[in-house]
Protein chains: 4
Amino acid sequence: MTGGKTVETSRVGRPRSEKTRLAILEAAADLLVEGGFSAITIESIAARAGVSKVTIYKWWPSRGSVAIDAYFHRFRQTLTFPDTGNVAEDLLAQMLILIGAFRGRAGEIMAELIGQAQSDPELADTIRTGWMQPRREVTALVIQRAIDRGELRPGLTIPILMDELYGPIYFRLITRYEPLSDEFAQELVRNTLEGVLSTRSSIK
Amino acid sequence: MTGGKTVETSRVGRPRSEKTRLAILEAAADLLVEGGFSAITIESIAARAGVSKVTIYKWWPSRGSVAIDAYFHRFRQTLTFPDTGNVAEDLLAQMLILIGAFRGRAGEIMAELIGQAQSDPELADTIRTGWMQPRREVTALVIQRAIDRGELRPGLTIPILMDELYGPIYFRLITRYEPLSDEFAQELVRNTLEGVLSTRSSIK
Amino acid sequence: MTGGKTVETSRVGRPRSEKTRLAILEAAADLLVEGGFSAITIESIAARAGVSKVTIYKWWPSRGSVAIDAYFHRFRQTLTFPDTGNVAEDLLAQMLILIGAFRGRAGEIMAELIGQAQSDPELADTIRTGWMQPRREVTALVIQRAIDRGELRPGLTIPILMDELYGPIYFRLITRYEPLSDEFAQELVRNTLEGVLSTRSSIK
Amino acid sequence: MTGGKTVETSRVGRPRSEKTRLAILEAAADLLVEGGFSAITIESIAARAGVSKVTIYKWWPSRGSVAIDAYFHRFRQTLTFPDTGNVAEDLLAQMLILIGAFRGRAGEIMAELIGQAQSDPELADTIRTGWMQPRREVTALVIQRAIDRGELRPGLTIPILMDELYGPIYFRLITRYEPLSDEFAQELVRNTLEGVLSTRSSIK
DNA sequence: CTCTAACCGAGACGGTACGTCTCGTCTTTTG
DNA sequence: CAAAAGACGAGACGTACCGTCTCGGTTAGAG
C-alpha cells in the first residue's frame, strides 16, 4: 500500500501529482473490474491512465500492490457494524455485510487477490492488515464483550472462534463450492454459537 | 488432469512413452517442491525432464494442470479414515490428518495451487474434484450416520457443517494468520459440535 | 556480420527462416536510408519487418551489426577495378569508384557507421574486414606490381601509401570540409605520386 | 560550445555561478576520461557535479556540446608551432605534435567525439571550428609561404594538400588500422612532398 | 535596505528504447 | 507417427536517460 501514502511533509523538489495518483488507481480499478487481476499489467495501467511506467514503479513495488490499492480505492466500505449487545445478532449482521460485499464483482476480485497473495508475501500482508484485520478487530470486540457478559464460554480462544466465522465464508468465496447466500450466514452463525449436537445429547 | 489418463486403447502409431510421462511429473514435482508454483514453467519442466515443450503441451493443457498432476503424483495419500462410531472422534481424526498433511511443504504448495486456481477455472475444478471432494464425501458419511443415530440435529445442512470444519483450516492455510496446530483442530471440532455459548445461557 | 552467415549444415530443429532474415535486412536498410543510423532501433526494425525483437537479438548482437549487414545487403558493390598496368590510371580509377559510391546516401550512411564504430569495437572490426580490407587488398596489389616494375620507390611502406590515398577521402567523408569531387581525386592521386615540390627544388 | 561563453554583460538577477560551470566541465571531463563518450549522460554529469539537470540544459544544448567543452577544458593545448622557414621541417613538426596529442586517452576520446559528430551536426561544427580550423590555418600559412618562396608547386590546391597531411592521421586515429607512430609521420610528410615515384620515372 | 529577476537544487513526470523472459505455435529432422 | 530440437511472433517485464516541468530557496544589483 506504498502508493497510498499521502505526502505529509512539503519537501524540496516537485511535489507528487495527486492527479496522477488518482488516474493510476482509477485505471487499475477499471482494469480489475473488467478483466480481473490478470488484466492488471503495469503497461496496461500506464497506457490507460496516460502515465509513464516509471511513475507507477516509483510509488508501487509490484502490480499486486497497485491492484490492492485500486481495490480499496474502488470498494472501500464503511466498517459501521451495529452493536446491539446481542452477540448472535451482531455477529450475523457482520457476516451478512461481508457476504453482501462479496456477492458480485468485488468478491470475485478479492478471491483473485487472495489467490495472487499466495505467491506474493507483500500482497498477502497488505490484505491481512488492510482488509481482514479491521474487520476481525470489530468482531473480536463483540466476542470479548459477550464473554464479559457471560454469554459465551470463558475458556474460548477468540482467534479460533473468529476463524470459525470467517473461515467458511472465505472458503466459499475461494472454492465456489456453494453460494454465499444469506441463509448460509444465518445457519453458520447459529451453528457456531449453539453447536450442532441434538438437544438430547447436549444435556450431559 | 488430462495428462494423468492412462493410454487405454492400443491405437496405431508409436505409443505414448510412459517414461516421458513420468519424467515430466517427477521434474514438475521437484520444481514445485524447490521453488513453488512460480518455478513451474513449461520451459523449466521441459529442460529438467529432457523433454520437448511440445510434448508437454500435447498432453496437458496448462501449467496448472501439470502442477496439480505432479502434486498428486508426489503427495498422493491414502484416505483411510477411522470409523469408530463416535462423531467427535472421527471428525477430529479426519481434521488432524488433513492438518498434518498441510504442515510442511505440501501445505505451502497446496496454498499456492489454490491461489493459482483463482485465475484458472480448470485448475480450480481439478482441485475440487480430485482433492477436496473425496475428503468431503468421507466426512459427509460420518455426519450423515451421526444424524441417523440421533447424535446431531436433524435439520442440519450438511454442506454448511462441512464448511464449518474445512473452512477454518483452509482459511489458516491461506491467510497464515495462525498456525495449523493440533490444539486448533481440537477446539475447532469441539466448538463446532457443542457451540460456544456458556452453559448457563445454553439452557433456555 | 553474425546474421549474415548462411545456414550451412542441416541440423535438427526448425531451420532458420530465410524470409525473416531478408525482411530484417530490408527493413533495416530502408530505415538506414530514410533516417540514418539513429533511425535504426531494434524495435523499429522489428515493427517494420513484422518480426519479433528476440529473433533479431538471436542473430545479431547489436544494432550496429544489423546496420552494417543491412548496408552491405543494400549497397553491395562489385570490386571490379581495372588493371591497365599504369599505376596512376589504376589508382585514380579506384579512388574515383570509391568517391562515386560515397557521393549520395551511401556515403552519408557510411560516415554514420564509421562514427558509430568509434564506440562499438565489433562494428569497427566489421567495417575494417568487410568493407575496407577488400579494397585495400586490390590497391596493395596495384602498388606492389608498380614497385616490381620499378615505377615506384622500392623503400616504400605500402600501408602508409594506402593511407595517403584512402585517408584524405575518408577525412572528407567524415569532416565534410570539402566535397568529394572528381577533381579532388585527380589532384590527390597526382600529388601523392609526384609530390608537391616545385620542379626546381625536386631536382636536388 | 555555448556553455563556454563567458558572461559578458552584467544583467539584473543572480549572475551565473562560475563554480557550477567549472564543476560541470570537470565532472564531464572525468567521465569522458573514465568511460568515454558513452559515459557522458546529462544525468551522470549532474549527479557527479552535484548540479541539477536543468542547469546543464540551460547552458548547453546537448551532451555532445558539454563533451566537447569538457574536452577542450581538459586537453587545451598551445598551438605554438615552430616556423623555421623549412617547409618539410615545419610540417613534420606540426604532424608530430598532433600525433603526440592523439597517442593516449586524448586521441581515443577525440575519435569518439568525431564519431558522435557524424550524427550531431552541431558537434561536427564545433570540432571543425574549435579544433581543426586553428591547426589548418597554421598549416596553410606554412604552405602558402613555401609556395611564395617557390619551394612548392604554384598550381597546388592548398586544402587538398592539407587533407593529404591530416587525412591519413585522422584515418589512422579512427580506423586504428596502424599505430600513430613518429615513423609514420616522417614517411607521410616525406612522401607527400616528394612523391613516391622512383627517381628514374620521376624524370620524365 | 527592500524588492525583484534570474539562478539553482531537488525531484516528479511522460516518453522511448533497451535487452530479457516466457509463452504457445510452428517447422524441421531423428528414431 | 512420436518426440526432440529449436525458430518464431507476441507481449510484458523492469531499467536507463531523455528533456520538461514544478517547487523552494538563494543571490546580487536596482530602486
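This structure is a prediction, so every number in the text was calculated from the model and none was measured. By convention in this document, chain letters (A, B, ...) are assigned in the order of the sequence lines, proteins followed by strands, and residues within each chain are numbered from 1.
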Minimum-distance nucleotide to D/Pro15 side chain [options: F/dG9, E/dC13, F/dA28]: F/dA28
Distance (rounded to the nearest 0.5 Å) between D/Glu26 CD and D/Leu31 CG: 11.0 Å
Close side-chain approach of C/Tyr71 to C/Arg76, heavy-atom, < 4.5 Å: no
N or O in side chain of A/Thr20 less than 4.0 angstrom from E/dG14 OP1/OP2: yes
Under-4.0 Å side-chain N/O to phosphate OP1/OP2 contact, D/Ser17 with F/dT27: no
DNA chain E: 5'-proximal contact among C/Arg14 and A/Arg14 (nearest heavy atom): A/Arg14
Per-nucleotide protein contact string for nucleotides 16-21 of chain E (B base, S sugar-phosphate only, - none; heavy atom under 4.0 Å): -SBBBB
Decide, yes or no, whether a salt bridge links [X] with [Y] under the criterion of side-chain N to carboxylate O below 4.0 Å.
X: A/Glu34; Y: A/Arg48; answer: yes
X: A/Arg74; Y: A/Asp30; answer: yes
X: B/Arg63; Y: B/Glu43; answer: no

Provide, to the nearest angstrom, the distance between the [atom1] atom belonging to [X] and the [atom2] atom belonging to [N].
X: B/Trp59; N: E/dG24; atom1: CH2; atom2: C1'; value: 18 Å
X: D/Ile56; N: E/dA10; atom1: CD1; atom2: C1'; value: 13 Å
X: D/Trp60; N: F/dC18; atom1: CH2; atom2: C1'; value: 18 Å
X: A/Arg16; N: E/dG14; atom1: CZ; atom2: P; value: 11 Å

Which atom of D/Ala67 lies closest to which atom of D/Leu32, heavy atoms considered: O-CD2, 3.5 Å
